[in-house]
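Heads up, the thing below is written out as C-alpha cells.
Order of listing sets the numbers, starting from 1, for every ligand and every atom in it. Positions are given from 1 along the sequence.
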Amino acid sequence: MAVKPVHVGQRIKRREDPRLIRGLATYTDDLKLHGMLHAAFVRSPYAAGRIGKLDVQRALAMPGVVGVFSFDELRGKVGPAPCTAVMPGMQHVPYPLLADGRVLYVGQPVAVVVAKDRYQARDAALEVEIEIEDRPAVVELEAALEPGAPRVYDELPSNVCWHQPPAADAKLDQLFASAHGTVSLRLVNQRVAPLSMEGRAILAHWEEGPQKLTLWSSTQTPHGAKQQVAMCLGIPELRIRVIAPEVGGGFGCKIPTYAEECLLPWLSRRLRKPVKWAETRTENLLATTHGRGHVEYIDAAYREDGKVLALRGKTIADVGAFASMLGAAIPTFTHLLACGPYGIQAVSWEIVDVYTNTMATEAYRGAGRPEAAYIVERVMDEVARRLGLDRVEVRRRNLLAKDVFPYTTPTGAVYDSGNYQAALAKALERFDWTKALAERDRRRAAGELVGLGVATFTEICGLGPSTGASPLDRRGTWESAELRVEPTGAVTVMTGVSPHGQGQETAFAQMVADAFGIGLDDVTVVHGDTDVVTHGVGTFGSRGLVVGGTAVHMAIGKIVAKAKKIAAHKFKADPERIDFSDGFFTQQGAEWRLSWTDVAMAAHLWNEPVPGEEPGLEAVARFEPTGTTFPFGVHFCQVSVDRDTGELALERFLSVDDVGTVVNPLLADGQRLGGIVQGLGQAWCEEVRYDENGQLITATLMDYVMPRASMFPRFELDMTCTPSPLNPLGAKGIGELGTIGATPCLVSAALDALAPLGVTHLDMPLKSERLWRAIRDAGSAR
Ligand code: MCN
C-alpha cells in the first residue's frame with residue numbers, strides 16, 4: 001500500500017481542542033439523569049485505629065437523605081476493591097470498599113451518604129458520628145521496617161508487603177572487587193500527587209428492566225473497569241457498559257478501578273436510581289492514588305575512565321495502606337530500567353514494598369522509570385565528581401553504541417533500537433555545552449551560583465506483550481481497532497485505547513485520512529465506550545500509538561485488501577496487481593482507475609457482488625506487540641540559585657528526544673512539554689507530606705505546590721529519529737518521556753550550582769528553603 005503522507009508527520013492542531021476550550025465537552029460530572037442521587041463519602045479522620053461507634057441516625061434524618069451505608073451493609077455482598085498486581089509471595093490483604101471495623105489511612109471511605117443533591121449528601125456526611133479508637137500510625141517508610149514499628153495489619157508479621165531479595169551474582173561481586181572506586185548513595189524519590197485537572201467522577205445507573213448497569217467514569221481503562229466492576233459486584237460483564245466521557249487527565253491515577261467505582265453501581269442497584277459522585281480537590285489529594293514514594297540505596301562500581309561497571313540497588317517502596325491495582329509492581333520497573341542507556345554489566349536489585357498508614361501509591365507518569373533514571377543519573381554525576389571528569393563525557397563513555405541493538409540488559413530488558421550518541425551529539429550542538437560551561441564559569445567568577453544539568457535516559461513503553469499479563473486482569477496487553485467505512489468513504493475508527501488528553505482523535509484521524517486519501521473531517525475516532533468499542537485494554541504505559549495505532553494500521557490493511565478485491569472485480573483484474581495510492585485504485589498497465597469513494601459505495605451497494613466476499617467494508621484488528629519499545633533522550637538545563645534566599649531559577653531547558661517515527665510533531669511536543677514540566681515539578685516543588693500521625697498536610701493546592709507557568713523558560717525541543725523495528729509504524733511512545741529525564745536533569749544542575757560551596761548531595765524537592773539550608777550549612781562548614 002503506497003501512501004503519500006499528507007497528514008502524518010504534520011503539526012496538525014488537536015481536533016479535540018475546540019470543544020474543550022469552548023466548554024462544549026461533557027465530563028462525567030456534567031451528566032444529569034432523571035432521578036439522579038448524589039453520594040458523599042465519610043472518610044476516616046485518623047490514619048490508624050478501630051471503629052468503635054458508627055452512628056448514622058442524625059445523618060439519616062437530614063433533608064434529602066435517601067440512605068447511609070457502612071461496611072455492615074456490604075459484608076459478603078460486594079468487594080473487595082480490585083488489585084491485579086499480586087506477585088508471588090506478596091502479603092496481600094484485600095481492601096474493603098468501606099472500612100471494615102478498622103481504618104488504615106486518613107481519607108479512607110468509612111461510610112457513604114446518598115441524598116437528593118450533592119450538598120445535602122455532603123451536609124449529611126458531616127453528621128455521621130464515628131468514634132475511632134486511634135492507635136499509632138506508621139508513616140515514615142524506613143521506620144515502618146524497624147523492629148517494633150506499629151503495624152498497618154495486625155495479621156501480618158511485619159509491614160512488608162512484598163520482598164524481592166537480591167540475586168546472588170558472582171560477576172557483580174567480581175566487578176565490585178576489581179573496580180577503581182565505588183559510590184554509595186541514598187536517594188529519595190518523594191511521594192507526589194498526579195493531580196489531573198478533572199478529579200475522579202462516577203455516575204452509575206442500574207436499570208432493573210434490562211438488568212443493565214451503565215457506568216460513566218473518568219477512567220483511563222473503561223474495559224478494565226468493566227471487568228473489575230463485574231468481578232467485584234458479581235454481575236456478568238455483558239450486563240455492564242462503561243463509558244469514559246471526556247476525561248480531564250489521569251497521569252496513571254485513573255488506571256485503577258477504585259472502591260468508590262465499585263460502590264456506586266452497588267448503590268444504584270440497591271436504590272434503583274442513578275447515583276453520582278465527583279471528588280473534591282481535597283478528596284483527590286487524600287484518596288486518589290499518589291505516585292513515586294521510594295527510598296533507594298545504591299552502590300555503583302566504576303572504572304578509572306568513568307565507566308560504570310555494576311550496580312547494587314535496593315528500592316524501599318511505599319505501597320501505602322493497601323495494594324492498589326498495580327501499585328506493588330511499580331518498583332519492578334525501577335529494577336528493569338536500572339541500567340538506563342548505559343552498558344552497565346551487572347545489576348542486582350532488592351525490592352521491599354512496604355505498607356504504611358497513608359494513601360496507596362500507583363502508576364504515575366513514568367511509573368518506576370523516572371525513579372530508575374534518577375538513580376543512574378545521580379550515579380553518573382557522582383562518578384564524574386569523584387574522577388574530576390565532565391558529566392557529559394562520563395555519560396558519553398557509558399552510552400551503548402548504536403550497533404548493539406536489540407540489546408538485552410543485565411536486568412532482562414530488551415531494548416529494541418537506539419542511537420544514543422546521535423541524540424547526545426545533537427543536544428551538545430544545540431545547547432553548546434562548551435560555551436555554556438564557559439559562561440557558567442564566568443558568572444561564577446562574578447559571584448553567582450550557576451549550574452548546568454544533564455540527563456541521558458531511556459525508558460520502556462508500548463506495553464505489552466501479553467505474556468506479562470496477570471490472569472487477574474482477565475485480558476492481555478494487546479490493543480484493538482475497528483474501522484467502519486461508510487458508503488461515502490468516510491471512516492469511523494473505534495479504538496480500544498482511551499485517550500484523556502493525549503490527542504489520539506487527531507493522530508488516528510491523520511493515519512486513516514492518509515491511508516484512504518480522504519480528508520481529516522471524513523474520519524471520526526470513537527473511544528471510551530465498552531458497548532461501542534467491544535474490546536480494548538486502555539491508555540497507560542505510553543502504548544496508545546504504538547499498540548493502539550498499530551491496531552488501526554492493521555485494520556486499514558485489512559480494509560485495503562478487501563477494497564482491492566472490489567476494485568479488481570469491477571474491471572475483471574487480478575487483485576494482486578491492484579495498486580492503491582492517493583485515494584485511487586489502479587492496475588499496472590491498465591487505463592482504468594477507481595476512487596476510494598467509488599469502491600466504498602460499491603461495497604455497500606453490492607450490485608456487483610464479489611464472489612466469496614460479504615457486502616460492506618469494515619475490519620477489526622488486534623495488535624499484540626512482540627516486545628516493548630524504548631524511546632530515549634537527552635536533557636540539558638541551566639539554573640541559577642539566589643545565594644540569599646535559595647530560590648532556584650530555571651534559565652534554559654533543552655530536550656532532544658527520540659521516539660522513532662512521529663505521527664504528529666505538535667502532539668509530540670505537547671506531550672514532551674507536559675511530561676517535562678511534571679518531571680521538573682517533582683524535582684523542584686511537589687511533595688505529598690504526612691505528619692507523624694499520618695495527617696495529610698498537603699491536602700489543598702495552597703499546601704501542595706504545583707509548578708506554575710511563570711517558573712519556566714521557553715523550552716527548546718528537538719528530536720532524532722530511530723524507528724522501532726517492533727511495529728510497522730516505527731513508532732515509540734512519548735506520553736511519559738518528559739518525566740524521565742527532567743527530574744535528574746534539574747537536580748544535576750542544582751548540585752552543579754552549589755558545587756563551588758562544597759555541596760555534594762541534595763534531596764528533592766529543591767524548594768528554596770532546602771537550597772538555602774544547603775548554602776548556609778556549606779558556609780558554616782567552611
Ligand atoms: N505520538 C506521536 N508520535 C509518536 C508517539 C506518540 O504522534 N511516536 C502522539 C500520539 O498519537 C498521542 C500522543 O503523542 O496523541 C501520546 O501518545 P503515546 O505516547 O502513545 O501515549 P498514550 O496515548 O498511551 O498516553 C499515555 C501516556 C501516559 S502513560 C501518561 S501517564 C500520560 C500521558 O500519556 N498522561 C496524560 N500524557 C498525558 N497527557 C495528558 N494531557 N493527560 C494525561 O493524563
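Closest to atom 21 (O) of ligand 1, if we only count protein heavy atoms, is Ser542 CA, 3.6 Å. The protein non-hydrogen atom at the shortest distance from atom 34 (O) of ligand 1 is Gln502 NE2, 3.2 Å. Here the heavy atom of the protein found nearest to atom 10 (C) of ligand 1 is Gln504 NE2, 3.8 Å. Distance from atom 24 (O) of ligand 1 to its nearest protein heavy atom, with residue and atom name: Gly544 N, 2.7 Å.
Ring geometry for Tyr407 against Tyr415 counts as tilted: the plane angle lies between 30° and 60°, on a 0 to 90° scale.
Look at Arg191 and Glu687 and you find no salt bridge, because none of the NZ, NE, NH1 or NH2 atoms lies under 4.0 Å from a carboxylate O. Under 4.0 Å is where a charged nitrogen must lie from a carboxylate oxygen, and between Glu283 and Arg200 no such pair does. With salt bridges taken as basic N to acidic carboxylate O contacts below 4.0 Å, none links Arg714 and Glu716.
Residue contacts with ligand 1: Gly733 is placed with no nitrogen or oxygen under 3.5 Å of a nitrogen or oxygen of the ligand (distance criterion only). For ligand 1, the polar-atom distance check against Gly250 finds a nitrogen or oxygen pair separated by under 3.5 Å. Residue-to-ligand polar distances place Phe251 within reach of ligand 1: an N/O pair is separated by less than 3.5 Å. Any N or O atom pair closer than 3.5 Å counts here, and Gln671 shares at least one such pair with ligand 1. Considering backbone and side-chain atoms together, Leu545 places an N or O closer than 3.5 Å to an N or O of ligand 1. Residue-to-ligand polar distances keep Glu736 apart from ligand 1: every N/O pair is separated by 3.5 Å or more. For ligand 1, the polar-atom distance check against Ile734 finds a nitrogen or oxygen pair separated by under 3.5 Å. At a 3.5 angstrom cut-off on N or O pairs, Phe540 does not count as close to ligand 1.
For Thr288 and Glu279, the side-chain atoms include at least one donor-acceptor pair closer than 3.5 Å. For Arg15 and Thr506, the side-chain atoms include no donor-acceptor pair closer than 3.5 Å. A side-chain donor from one of Thr411 and Thr409 sits under 3.5 Å from a side-chain acceptor of the other. A donor-acceptor contact under 3.5 angstrom links the side chains of Asn664 and Gln510, judged on distance only. For the residue pair Glu371 / Thr334, no side-chain donor-acceptor distance below 3.5 Å is found, with atom types taken as modelled. Side-chain N/O atoms of Glu246 and Thr26 include no donor and acceptor closer than 3.5 Å. Checked by atom type, the side-chain pair Thr539/Gln220 shows no donor-acceptor distance below 3.5 Å.
Summarising the local packing, CZ of Arg689 is surrounded by 12 or fewer heavy atoms from other residues, nucleotides or ligands at distances under 6.0 Å.
Short contacts between ligand 1 and Lys732, defined as distances under 4.0 Å to a heavy atom of the residue, involve ligand atoms 4 (C), 5 (C), 8 (N). For ligand 1, the atoms lying closer than 4.0 Å to a non-hydrogen atom of Ala507 are 11 (O). Here is the list of ligand 1 atoms found below 4.0 Å of a heavy atom in Val663: 2 (C), 3 (N), 7 (O). Here is the list of ligand 1 atoms found below 4.0 Å of a heavy atom in Asn664: 7 (O). For ligand 1 and Gly501, the ligand atoms under 4.0 Å from any heavy atom of the residue are 40 (C), 41 (N). Those atoms of ligand 1 with a heavy atom of Gly249 less than 4.0 angstrom away are 42 (N), 44 (O). Counting atoms of ligand 1 from 1 in the listed order, those under 4.0 Å from a heavy atom of Leu667 are 15 (O).
Looking at Val659 against ligand 1, both its backbone and its side chain come within 4.0 Å, counting heavy atoms. Neither the backbone nor the side chain of Gln220 has a heavy atom within less than 4.0 Å of ligand 1. Contact annotation for Thr661 and ligand 1: only backbone heavy atoms (N, CA, C, O) come within less than 4.0 Å of the ligand.
The list of side chain to side chain donor-acceptor pair (under 3.5 Å) pairs with a residue in residues 627-637, not counting sequence neighbours, reads His635-Ser655.
At least one test fails for Arg292 against the ring of Tyr364: distance under 6.0 Å to the centre or angle within 45° of the axis.
Residue contacts with ligand 1 do not include Gly660, since none of its heavy atoms lies under 4.0 Å from the ligand. Proximity of Ser196 to ligand 1 is not established, as no heavy-atom distance is less than 4.0 Å.
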